[in-house]
Amino acid sequence: PWFLEVFKARILPQLSPVLSPQASCIQHRLVVRDASSLQILQLYTCLDQIQYIEWSSDSLFILCAMYKRGIVQVWSLEQPDWHCKIDEGSAGLVASCWSPDGRHILNTTEFHLRITVWSLCTKSVSYIKYPKACQQGMAFTKDGRYMAVAERRDCKDFISIFVCNNWQLLRHFDTETQDLFGIEWAPNGCVLAAWDTCLEYKVLLYSLDGRLLSSYRAYEWPLGVKGIAWSPSSQFLAIGSFDEKVRILNHVTWKKITEFDHPATISSKKTIVYKEVEKSPTVDTERLTFPPTRALASSLFSTQSKYDISQVPVSLQYIKPVADRANPKVGVGMLAFSADNCFLATKNDNIPNAVWIWDIRKLKLSVVLEQLCTIQAFQWDPCQPRLAVCTGSSRVYLWSPAGCVVVQVPGEGDFQITSISWHCSGDSMLLLSKENFCVCYLEREEVK
């Protein structure tokens, strides 16, 4: 991999989904750069400090949300002089996003009183009442034809399904949930998964016309669902739970086909455990000068790391959660399938330094990555089975079936990577810290 220098950004930058630009912002200024060279293409000045940015699906427009003022500004890449301003007024603004066609903006007002749909083409406005304030209350099908919205009215949960080309209501039905927590479409757009609050283990699966296809409950009284993930083929639904297990449901009967446990000790000889170890840099004493050069001083005090393959059995660092505090760090809430459906990556919060990679073809644990620091995020390459992991250090970790590698981000200062975002081509990715970002470019491997 090779890198471009580190840049400042107050809001998380975004690579455009289609073209090559990349957008970031500092205070009230929006900066659009060429993703291959990071040369500035456009500069836009907004009315106030930008709190959120998002590209349209065709990369022709950029949305900038200023929640404090209840304003959204939209900029055009093709016509820099054109711009759009949406003011929600006294209703306020807590969230804003694009519709899949890239020509409508959906604004959620304060207290979740309504969702306002603004059209950039016809300047028309539509309203959706009673959206529920939950973690994942709005979801679009992958083809962009339908939108599902979680609603709360009269102390009951409902789901409404809308047709995105005219925002007409297609279906409206109540859900058998105490406190609906999230909804997510299968990639094929045929099934909608809805899950209940963590106090009630329940996953409901609905068809496009609102029929309840299945209801799944693994157990009754302890804390329940923490996260879900669909496989790209829509054949499997992975459910991460507070009991430190992942359960896989099949798309034919919606029954459990297997469950993956996350024990603190890895004893199977068929599982490869990669352990990150630090090593001190070697410095040639003949090159030492006083005072040392900046490059030499940096190399003297920087540590490098590599992966060693551990011999099983291996004991992983296990943290017992504090029982009397809210939101305990326990269970599997971070999980994702690879683009080819062959692997599932998971993180158990009780073992915060490890990433578990499961082989879905064999339904077995394939690899465990044991890191020195807590896993902050991981994300699969959108084109091939290659996983990028970050731990809040200045390194990014890459795993593929061929092996594992540690990549040090060059540069001065402490660049703590807390988030990763792949480009849709799989050739580059954004590495993000709290206030800085850089772009990492990777040579394309031929998938045989």
Report yes or no: does S24 contribute a side-chain atom to a donor-acceptor pair with the main-chain N or O of P13 at less than 3.5 Å? no
Does any donor atom in the side chain of T116 or N107 lie under 3.5 Å from an acceptor atom in the other side chain? no
Looking only at the side chains, is there a donor atom on one of Q416 and D414 sitting less than 3.5 Å from an acceptor on the other? yes
Looking only at side chains, do S394 and Q408 share a donor and an acceptor under 3.5 Å apart? yes
Donor + acceptor pair across side chains of Q371, N353 (<3.5 Å): no
Pair F61, W82 - check ring-ring contact (aromatic ring centres under 6.0 Å, His included), show working. CA-CA 10 Å; F61 298 95; W82 180 94; 5.3 Å; yes
State the SG-NE2 distance between C121 and H104, to the nearest 0.5 angstrom. 6.5 Å
When you compare the side chains of H83 and S76, does any donor N or O come within less than 3.5 Å of an acceptor on the partner? no
Is the shortest distance from a Lys or Arg side-chain nitrogen in R103 or D58 to a carboxylate oxygen in the other one below 4.0 Å? yes
Evaluate the criterion salt bridge (Lys or Arg N to Asp or Glu O under 4.0 Å) for residue pair K226 and D349; output intermediate values, then yes/no. CA-CA 11 Å; K226 192 167 186 179; D349 287 344; 2.5 Å; yes
If you round to the nearest 0.5 Å, how far is CH2 of W422 from CG of L15? 11.5 Å
Taking atom types as modelled, find out whether D34 and Q39 have a side-chain donor-acceptor pair closer than 3.5 angstrom. no
Using a 6.0 Å distance limit plus a 45 degree cone around the ring axis, check whether R386 lies over the aromatic ring of F343. no
Criterion side chain to side chain donor-acceptor pair (under 3.5 Å) on S305 and E278, from CA distance to verdict: CA-CA 4 Å; S305 72; E278 281 192 333; over 6 Å; no
Under 3.5 Å side-chain donor-acceptor pair for E54 and Y52: yes
Taking the side chain from S400 and the backbone from A402, do they hold a donor-acceptor pair closer than 3.5 Å? yes
Short question: side chain of K364, backbone of W358 - any donor-acceptor pair under 3.5 Å? no
Would you please say whether a donor-acceptor pair under 3.5 Å links the side chains of Q136 and E184? yes
Between E276 and Y397, does any side-chain donor sit less than 3.5 Å from a side-chain acceptor? yes
Could you check, using the six-membered ring where one of them is a Trp, whether H251 and W230 have ring centers closer than 6.0 angstrom? no
Counting heavy atoms not belonging to F181, are there more than 12 under 6.0 Å from its CZ? no
Enter the distance from Y274:OH to C404:SG here, rounded to the nearest 0.5 Å. 6.0 Å
How far does CH2 of W98 sit from CG of L106, to the nearest 0.5 angstrom? 10.5 Å
Spell out, as yes or no, whether a donor-acceptor pair under 3.5 Å connects the side chain of S310 to the backbone of V314. no
